[in-house]
Amino acid sequence: QVQLVESGGGLVQTGGSLRISCAVSGRTLSRLDMGWFRQAPGKDLEFVAAISRIGNTYYLNSVKGRFTISRDNAENTLHLQMNSLNPEDTAVYYCAARPGGLVTTKSVDYVDWGQGIQVTVSS
């Protein structure tokens, strides 16, 4: 069983940065494809970023160049570095895992999910 626990959320000002993390247990991170999703108030769940087992990364266009997804296989932890934040980034952020396969940005393709963590960007 894969378990995901997120941490690092909080409140930042516009233009600020946050790094959120997802601790993975039950399976080695290197054997998983991982994704970050977010859900803003009143909006649908939205793909943010993904990283494959071999390290290929994929991003929502609006976060590309500002966000960086990475993994620390030694610590079995996934990270999302978020820079140049704006209020549109305010959401609950979820990490998700799936067995390695074809690249996907679809939430239904992810098997395991974290509890979500709040990121709030004030204007």
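Positions are given from 1, in the same order as the sequence printed here. Quick note: numbers below take in every heavy atom, side chains included, and nothing from hydrogens, waters or symmetry partners.
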Going by atom types only, do H79 and S21 share a side-chain donor-acceptor pair under 3.5 Å? yes
For the CZ atom of R19 and the CD atom of Q81, what is their distance to the nearest 0.5 Å? 6.5 Å
Can you see which heavy atom on P87 is nearest to which on T14, and at what distance? CD-OG1, 3.5 Å
Tightest non-hydrogen contact, residues A40 and T90, listed as CB-O, 3.5 Å
Under a 3.5 Å distance rule, please check whether E6 uses its side chain to pair with a backbone N or O of Q115 as donor and acceptor. yes
For Y59, the ring-ring contact (aromatic ring centres under 6.0 Å, His included) test, sequence neighbours excluded, returns none
Ignoring hydrogens and angles, write down the donor-acceptor pairs under 3.5 Å from the side chains of residues 22-35, residues two or more places apart or on other chains.
residue: D33; atom: OD1; partner: R53; partner atom: N; Å: 2.7
residue: D33; atom: OD2; partner: R98; partner atom: NH2; Å: 3.4
residue: D33; atom: OD2; partner: G101; partner atom: N; Å: 3.2

Hydrophobic cluster membership, V12 vs I117, 4.5 Å side-chain cutoff: yes
Just to verify, which of N56, L78, L80 counts as forming a side chain to side chain contact (heavy atoms under 4.5 Å, CB included) with I51? L78
Determine whether a donor-acceptor pair (N or O, by modelled atom type, separation under 3.5 Å) exists between the side chain of D72 and the backbone of E75. yes
Please report the shortest heavy-atom distance between G8 and L18, naming the atom on each side. O-CD2, 3.9 Å
Quick check: is Y58 connected to Y93 through a chain of hydrophobic side chains (ILVMFWY, heavy atoms under 4.5 Å apart)? no
Just distance, no hydrogens or angles: give the donor-acceptor pairs under 3.5 Å from side chains in residues 103-113, sequence neighbours left out.
residue: T104; atom: OG1; partner: K106; partner atom: N; Å: 3.0
residue: T104; atom: OG1; partner: D109; partner atom: OD2; Å: 2.6
residue: Y110; atom: OH; partner: T104; partner atom: O; Å: 3.0
residue: W113; atom: NE1; partner: Y110; partner atom: O; Å: 3.3

Under the criterion side chain to side chain contact (heavy atoms under 4.5 Å, CB included), I'd like the reasoning laid out for D89 against R38: C-alpha separation, chi angles, the key distance, then a yes or no. CA-CA 9 Å; D89 297 314; R38 67 187 183 187; 2.9 Å; yes
Any chance CG of D44 has more than 12 other-residue heavy atoms, nucleotides or ligands included, within less than 6.0 Å? no
Consider only side-chain heavy atoms of I, L, V, M, F, W and Y, link residues closer than 4.5 Å, and tell whether W36 and V121 are in one cluster. yes
Test of understanding: with salt bridge (charged side-chain N to carboxylate O under 4.0 Å, His left out), list the residues that count as partners of E88, not counting sequence neighbours. none
Could you tell me whether the side chain of R66 and the main chain of S84 form a donor-acceptor pair under 3.5 Å? yes
Which distance, rounded to the nearest 0.5 Å, do you find between the CG of N86 and the OG of S122? 11.5 Å
Restricting to pairs with a member in residues 28-63, which pass disulfide bond (SG atoms under 2.5 Å apart), not counting sequence neighbours? none
Interatomic distance, I69 atom CD1 to T57 atom OG1 [nearest 0.5 angstrom]: 8.0 Å
Near-ring test Y94/F37, centroid separation under 6.0 angstrom: no
Nearest heavy-atom contact between N83 and S17 is OD1-OG, 2.8 Å
Here the gap from S7 atom OG to I20 atom CD1, rounded to the nearest 0.5 Å, amounts to 9.0 Å
Got a sec, which residues hit side-chain hydrogen bond (donor to acceptor under 3.5 Å, both in side chains) with T120, two or more places apart in sequence or on another chain? Q118
Begin with the C-alpha distance, continue with both residues' side-chain angles, and end with the deciding distance and a verdict on side chain to side chain contact (heavy atoms under 4.5 Å, CB included) for V48 and M82. CA-CA 11 Å; V48 177; M82 301 181 288; over 6 Å; no
Does the side chain of L85 come within less than 4.5 Å of Q13's, by heavy atoms? no
